[in-house]
Novice: 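Input: one structure, supplied below.
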Amino acid sequence: MNIEQLRSTIASTNSRMFVVRFTKQDGSERTMYAKTGVKRHLSNNPNKRKVSNTNQNIVRVYDCESKSYKSFKLETVSEFKCGKVILK
């Protein structure tokens with residue numbers, strides 16, 4: 001799977017839900033139902049630390065099952081599905 005193709009495909013989901021399967025840092029497999037661009041659950045507290053993503057190979061998404069923000073590394077992704085688009 002090409003990392004650049006995966007990055008552009010995730011960016012083009014336009015806040016639609018997608019399924020991503022990847023290997024976690026501890027070596028276990030994880031399947032996540034996620035979205036990008038979710039702003040509903042962001043904190044309104046101005047004192048909270050803002051997370052800035054300096055590593056372009058880490059994608060921050062909203063996990064629809066746990067209702068929290070998660071991230072994963074693009075190089076650990078084994079499968080991506082969004083509608084009829086499937087990348088392996």
Novice: Of all residues at least two apart in sequence or in a different chain, which pass the side-chain hydrogen bond (donor to acceptor under 3.5 Å, both in side chains) check with Glu4?
Specialist: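 side-chain hydrogen bond (donor to acceptor under 3.5 Å, both in side chains) list for Glu4, sorted by chain: Arg7.
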Novice: What residue pairs, at least two apart or across chains, pass salt bridge (charged side-chain N to carboxylate O under 4.0 Å, His left out) with a residue in residues 20-33?
Specialist: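 For residues 20-33: Arg21-Glu79, Arg30-Asp63.
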Novice: Please tell me if the side chains of Cys82 and Arg16 come closer than 4.5 Å, counting only heavy atoms from C-beta onward.
Specialist: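 When only atoms from C-beta onward are counted, Arg16 and Cys82 do touch, with a gap below 4.5 Å.
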Novice: Could you work out, with side-chain contact (heavy atoms from CB on, under 4.5 Å) as the rule, every residue matching Ser68, not counting sequence neighbours?
Specialist: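 For Ser68 the side-chain contact (heavy atoms from CB on, under 4.5 Å) partners, ignoring immediate neighbours, are Ser66, Lys70.
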Novice: Of the non-hydrogen atoms in Phe80 and Ile10, which two are nearest, and what is the gap between them?
Specialist: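 So the minimum-distance heavy-atom pair works out to CE1-CG1, 3.6 Å.
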Novice: Apply side-chain contact (heavy atoms from CB on, under 4.5 Å) to residues Gln5 and Leu87 and explain how you reach the verdict.
Specialist: CA-CA 9 Å; Gln5 179 186 14; Leu87 300 176; 3.6 Å; yes
Novice: For the residue pair Val85 and Lys81, establish whether any side-chain heavy-atom pair is separated by less than 4.5 Å.
Specialist: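 When only atoms from C-beta onward are counted, Lys81 and Val85 do not touch, as no gap falls below 4.5 Å.
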Novice: Kindly give the heavy-atom pair with the smallest separation between Phe72 and Met32, and that separation in Å.
Specialist: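 Closest approach of Phe72 to Met32: CD2-CE, 3.8 Å.
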Novice: Would you mind reporting whether Leu74 and Phe22 have side-chain heavy atoms less than 4.5 Å apart?
Specialist: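 Phe22 vs Leu74: side chains apart.
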Novice: If you count every heavy atom of other residues, nucleotides or ligands that lies below 6.0 Å from Tyr33 atom OH, does the total exceed 12?
Specialist: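 No.
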Novice: As a test of understanding, state which of Ile3, Ile58, Val59 forms a side-chain contact (heavy atoms from CB on, under 4.5 Å) with Lys73.
Specialist: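 Output: one option passes, namely Ile58.
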Novice: Under 4.5 Å side-chain heavy-atom separation, chaining through any Ile, Leu, Val, Met, Phe, Trp or Tyr, what else clusters with Ile86? Say none if it is isolated.
Specialist: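 Ile86 clusters with nothing; isolated.
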Novice: Would you please name every residue forming a side-chain hydrogen bond (donor to acceptor under 3.5 Å, both in side chains) with Ser15, sequence neighbours left out?
Specialist: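 So Ser15 forms no side-chain hydrogen bond (donor to acceptor under 3.5 Å, both in side chains) with any residue.
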Novice: Please round to the nearest 0.5 Å and tell me the distance separating atom OG of Ser71 and atom CG of Asn57.
Specialist: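 Reported value, rounded in 0.5 Å steps: 12.5 Å.
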Novice: Once you round to the nearest 0.5 Å, how far does SG of Cys64 lie from NZ of Lys35?
Specialist: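 Nearest 0.5 Å value for the SG-NZ distance: 5.5 Å.
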Novice: What are the two closest non-hydrogen atoms of Glu65 and Thr31, and how far apart are they?
Specialist: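 In this case the closest contact between Glu65 and Thr31 is OE1-O, 4.3 Å.
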Novice: Which pair of non-hydrogen atoms, one from Arg60 and one from Tyr69, has the smallest distance, and what is that distance?
Specialist: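 Closest approach of Arg60 to Tyr69, heavy atoms only: NH2-CB, 3.3 Å.
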